[in-house]
Amino acid sequence: MAVENIFAEILGRVRRAVEALGVAGALPVGLDLSRITVEPPRDAAHGDMATNAAMVLAKDAGRKPRELADAIAEELRADDLIDGVEIAGPGFINLTLKPAAWLDALRTAVRSGTRYGASDVGHDIPVNVEYVSANPTGPLHVGHGRGAVFGDALANLLAFAGFKVTREYYINDAGAQVDVLARSAYLRYREALGQDIGAIPEGLYPGDYLKPVGELIAKTFGETLKNSPELEGLAVVRTIALENMMIAIRNDLAALGISQDRFFYERTLIFQEELGANSIDRVARTIDWLRERGFVYQGRLPPPKGAPIEDWEDREQTLFRSTQFGDDVDRPLMKSDGSYTYFASDIAYHADKIGRGFRTLIDVWGADHGGYIKRMRAAVRALSDAKVELDVKLIQLVKLLRAGEPVKMSKRAGDFVTLREVVDEVGRDAVRFMMLYRKNDAPLDFDLAKVIEQSRDNPVFYVQYGHARGQSVFRNAREVFRDLPRDIAELADEAELGRLSDPAELSLMRRIAMYPRVVEAAAQAHEPHRIAFYLYDLASEFHALWTLGNAAPHLRFIIQDDRQMTAARLVLVKGVVTVLASGLALLGVKAPDEMR
RNA sequence: GCGCUCGUAGCUCAGCUGGAUAGAGCACCAGACUUCGAAUCUGGGGGUCGGGAGUUCGAAUCUCUCCGAGCGCGCCA
């Protein structure tokens with residue numbers, strides 16, 4: 001028998017037990033079983049698993065929880081995986097599994113390799129994860145990096161859980177900021193031609209990173225753009241500057257091991273270059289679509305209270321009826337000059353995503369965009385008849401420290417520390433793991449000195465070291481037993497896992513068995529940090545077992561005169577190594593064979 | 001004024017979508033290296049889960065209300 005997820009398996013058995021009682025007439029039929037959970041109890045003394053079935057069903061069944069628990073327990077006692085059943089507290093049913101169940105879970109883990117924990121709970125549902133989406137006006141900073149790592153890990157996680165994932169980047173190339181970029185690059189172009197441009201004027205981007213762009217333009221066009229009409233020249237400059245910014249951004253992302261499937265240009269919503277001037281404005285089309293359904297109207301908004309707006313003009317404008325979909329006020333779609341607001345093109349963009357068949361949309365945003373969530377969710381509801389769900393994950397700020405002291409801003413890059421500087425200094429693994437070792441909505445202190453420290457205080461190191469230690473056991477074991485297979489996983493069948501009976505060993509097996517459940521929960525909650533914390537706990541338990549061997553030689557992994565015992569232990573270590581490798585892969589962090 | 005995200009040990013944070021006596025790391029105290037790399041491990045003290053009320057078998061978790069922090073608040077993106 002191969003059970004992939006032991007918790008899901010037992011949950012299924014508990015449900016069947018309840019159904020059996022229903023059939024037998026001991027319970028009403030058709031009870032809602034969805035609230036039943038099976039989870040490891042906090043206190044191991046309560047057994048391997050606990051279910052709340054009796055407490056959850058008591059009311060609907062019209063029975064007392066303890067009484068109902070007795071009935072369910074009686075059914076479960078006959079189960080071939082279950083060794084003991086006890087009822088405790090207000091009606092918990094505590095289950096102790098037969099050791100074979102855990103041995104089986106370990107075998108499954110080892111045999112499945114890095115696919116262990118993968119599942120099909122996503123049912124191939126198409127999910128779009130949009131992340132980074134930084135304005136292409138300069139290098140990425142550390143905050144962007146956190147969103148990038150989060151989005152990437154979440155996408156990995158969802159794919160692992162059986163969702164069909166598209167990783168996407170939305171490029172705001174239609175707004176005023178890109179025009180500022182173009183003017184800034186044009187200045188650098190004149191500089192490259194040898195003109196004295198003086199100080200960069202207020203409002204333009206001062207960063208040195210535009211110098212190479214200016215030089216590139218000068219090299220490509222010579223002096224021809226210098227005297228061309230401004231609009232025409234700027235259009236050319238803008239395209240080149242934009243493309244070069246995007247190349248730089250993609251390089252920064254690549255340094256973190258991130259590549260996205262699709263780069264969506266905002267301008268393609270409005271201009272279809274290949275179709276010529278008569279192309280359809282998809283923003284207008286989307287707004288019309290909403291207007292036909294009564295979600296868009298002409299009206300007035302009250303001025304916001306609190307911060308008074310000096311030039312407030314009470315005027316009639318085009319509004320989206322977002323209050324009908326859970327927002328606090330209706331939102332404007334057009335500026336006073338008649339052009340569309342950013343929100344309007346965002347609606348069109350999300351309409352495009354919906355049109356591409358995604359059932360779940362996940363947007364990863366910086367925390368300063370929090371005030372935008374309600375209207376965007378409202379828009380997605382309106383566009384999809386509430387069939388598509390938008391989950392917005394807000395990424396909190398990153399505070400850069402070095403040994404506890406705030407890091408000074410880099411002058412070279414403008415006014416921020418670039419992502420690339422940080423990755424170059426501490427490495428991809430440290431950046432990725434630390435950024436995932438925190439909930440997305442909690443602020444993050446990122447200490448450049450701490451993350452390269454080799455100690456328990458540095459979770460990146462601690463987890464990677466766990467993997468390396470496991471590999472080192474295999475290396476040492478081969479010195480003793482020359483005939484070990486190249487892949488320790490091949491020992492899974494022959495090894496007498498029943499000899500692994502120390503509480504620490506069994507506990508480690510339980511931890512390994514928990515992994516598929518953690519993956520599933522993390523994927524459904526859109527919370528990759530759970531993987532990072534789980535890995536830390538797993539590594540911790542492994543380190544502890546390792547050290548037990550110091551004082552108790554019979555617990556060492558390698559027993560010189562007992563090949564069978566060694567084989568069993570190696571399979572256990574292989575289980576640990578397998579899960580660490582699998583989890584680290586989800587986080588996009590390397591699982592090293594040795595630390596250096 | 002309104003909205004969003006938060007408030008858990010001295011510090012930094014978890015807490016498995018409502019479960020049992022709230023957990024780690026750091027710091028502090030006391031221990032374990034003729035080892036399978038001690039780059040680690042073991043034990044200890046330390047909490048009115050911001051305050052209060054409610055929902056129910058059961059609340060750090062859900063609701064309400066105060067207090068406090070950060071972010072945001074028609075044409076910026």
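Per chain, numbering begins at 1; letters A, B, ... match sequence-line order. It should be emphasised that the depicted structure is a prediction, and the values quoted were computed from it without experimental measurement.
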Test for a donor-acceptor pair under 3.5 Å between the base of C16(B) and the side chain of R517(A), counting only N and O atoms.
-> yes

Does NZ or CZ of R321(A) lie under 6.0 Å from the centre of the six-membered ring of Y297(A), at an angle within 45° of the ring axis?
-> yes

Suppose you measure atom [atom1] in [N] against the same atom in [M]; what distance do you get, rounded to whole Å?
N      : M      : atom1 : result
A69(B) : A59(B) : P     : 30 Å
G46(B) : A30(B) : C1'   : 16 Å
G19(B) : A60(B) : C1'   : 12 Å
C73(B) : C16(B) : C1'   : 36 Å
G50(B) : G7(B)  : P     : 7 Å
A24(B) : C41(B) : P     : 13 Å

Under the 3.5 angstrom rule, does the side chain of T341(A) hit a backbone N or O of P332(A) as a donor-acceptor pair?
-> yes

Across the strands shown, which category fits [X] at heavy-atom distances under 4.0 angstrom: base, sugar-phosphate, nothing?
X       : answer
D330(A) : nothing
F533(A) : sugar-phosphate
N52(A)  : base
A50(A)  : base

Could you pick out which residue, A88(A) or R456(A), lies toward the 5' side of RNA chain B when each is mapped onto its nearest nucleotide?
-> A88(A)

Of T341(A) and A551(A), the one whose closest nucleotide on RNA chain B sits nearer the 5' end is A551(A)

Report yes if at least one side-chain N or O of [X] is closer than 4.0 Å to OP1 or OP2 of [N]; otherwise report no.
X       : N      : value
W546(A) : A38(B) : yes
Y372(A) : U5(B)  : no
H529(A) : G15(B) : yes
K59(A)  : U56(B) : no
R469(A) : A38(B) : yes
K335(A) : A77(B) : yes
K439(A) : C13(B) : no

Taken to the nearest 0.5 Å, the spacing of F325(A) CZ from R375(A) CZ works out to 15.5 Å

Atom CG in L57(A), atom CG in L68(A): separation rounded to 0.5 Å?
-> 6.0 Å

Bracket string, RNA chain B, 5' to 3' - pairs by Watson-Crick or G-U geometry under 3.5 Å, | interstrand | (((((((..((((.....[...)))).(((((.......))))).....(((((..]....))))))))))))....

May F92(A) be described as stacking on the base of G19(B), applying a 5.5 Å centroid limit and a 30° limit on plane angle?
-> no

Given Y462(A), Y536(A), F557(A), the one that forms ring-ring contact (aromatic ring centres under 6.0 Å, His included) with F542(A) | F557(A)

Under 3.5 Å, is there a donor-acceptor pair linking the side chains of S336(A) and E313(A)?
-> no

Please determine, by modelled atom types, if S119(A) and E520(A) share a side-chain donor-acceptor pair under 3.5 angstrom.
-> no

Does F533(A) have its ring centroid less than 6.0 Å away from the ring centroid of Y437(A)?
-> yes

Between C26(B), G74(B), C6(B), which one does the side chain of D441(A) approach most closely?
-> C6(B)

